[in-house]
Participant: 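Dumping the structure here so I can ask a few things about it.
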Amino acid sequence: MLTLGVLASGRGSNFQSIIDSIESGFLKAKVALLVTDNPGAYAINRAQKHGIDHMVLTPKDFPGRDAYYSRIAAELKNRGVELVILAGFMRIVGKALIDQYRNRVMNIHPALLPSFPGLHGQEQAADYGVKISGCTVHFVDEGMDTGPIIIQAVVPAYHDDTEDSLGSRILKEEHRIFPCAIRLFAEGRLCVEGRKVIIKGDRKDFAVTNPPLDQ
Ligand code: GAR
């Protein structure tokens, strides 16, 4: 069974979708620890409700980024964490953690990377006027939302969309694809070659457009 560590800063709905996927049997995994940088994160309530250990670690209590991310890495290692999940963790993860978990840190981003990285991906996409947007699960490297892409889901974007309307359409897809990406990892089906993630046994029959095409 795969041992997960989750980092989250806020509401934690993606964390919840992972918990639900474990409890339904879709994911053969357990969450050993939630780490949050925000003592008020609703994700803490979710951890408590499901009997998951949590820790609040805030950067201001550490002398620097290295010390902060080394401590997080140590806590995760102590609990046997094999895969680290960034479920709405609103910081650029430090090298000290990435080095310990190379190609074993996954993030979800609310846009189709490499478009609209950073904060407020949904708002950036709505303001830009794209016709499709979506979300991306990727491995984390030292850059901001730059690591190898595992799964993307698309949603239509409409001219009258706001950050909230587009964001809630995207969030539904986040809750679907994040557990799927973790499951692929748990099944040993993900292989990183340079920038590319090769998924063993994937299907190649996909097409989508918005607006719909006539033929
Ligand atoms: C999600 O939309 C996630 O994609 C986004 O924060 C939200 C967290 O929601 N992450 C980022 O923007 C990271 N750059 P949640 O706390 O309900 O899972």
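Every number for a ligand or one of its atoms is a count from 1 in the order of the listing.
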Participant: Write out the residue and atom name of the closest protein heavy atom to atom 6 (O) of ligand 1, then the distance separating them to 0.1 Å.
Facilitator: Met90 CE, 3.0 Å

Participant: Would you name the heavy atoms of Ala32 and Asp53 that are closest together and state the gap between them?
Facilitator: O-CB, 3.8 Å

Participant: To the nearest 0.1 Å, how far is atom 8 (C) of ligand 1 from its closest protein heavy atom, and which atom is that?
Facilitator: Gly88 CA, 3.7 Å

Participant: Starting from atom 12 (O) of ligand 1, which protein heavy atom do you reach first, and at what distance in Å?
Facilitator: Pro110 CD, 3.4 Å

Participant: Do you see a donor-acceptor pair shorter than 3.5 Å between the side chains of Thr146 and Asp141?
Facilitator: yes

Participant: Between Arg169 and Asp161, is there a salt bridge with N-O shorter than 4.0 Å?
Facilitator: yes

Participant: Would you please say whether a donor-acceptor pair under 3.5 Å links the side chains of His50 and Glu23?
Facilitator: yes

Participant: Report yes or no: do Asp20 and Ser17 form a side-chain donor-acceptor pair below 3.5 Å?
Facilitator: no

Participant: For atom 1 (C) of ligand 1, find the nearest protein heavy atom and state the residue, atom name and distance (0.1 Å precision).
Facilitator: Glu174 OE1, 3.2 Å

Participant: How far is atom 14 (N) of ligand 1 from its nearest protein heavy atom, and which residue and atom is that?
Facilitator: His109 ND1, 3.6 Å

Participant: Identify, for atom 15 (P) of ligand 1, the protein heavy atom at the shortest distance, and state residue, atom and that distance.
Facilitator: Ser13 N, 3.4 Å

Participant: Identify whether the distance between the nearest side-chain nitrogen and carboxylate oxygen of Arg176 and Glu173 falls below 4.0 Å.
Facilitator: yes

Participant: At the 4.0 Å heavy-atom cut-off, does Gly118 count as touching ligand 1?
Facilitator: yes

Participant: Hey, does Tyr69 have a side-chain heavy atom less than 4.5 Å from the side chain of Lys95?
Facilitator: no

Participant: For atom 9 (O) of ligand 1, find the nearest protein heavy atom and state the residue, atom name and distance (0.1 Å precision).
Facilitator: Arg11 NH2, 3.1 Å

Participant: Look at ligand 1 and say whether Gly12 reaches it with a heavy atom at a distance under 4.0 Å.
Facilitator: yes

Participant: Going by the order shown, which atoms of ligand 1 are within less than 4.0 Å of some heavy atom of Gln122?
Facilitator: 2 (O)

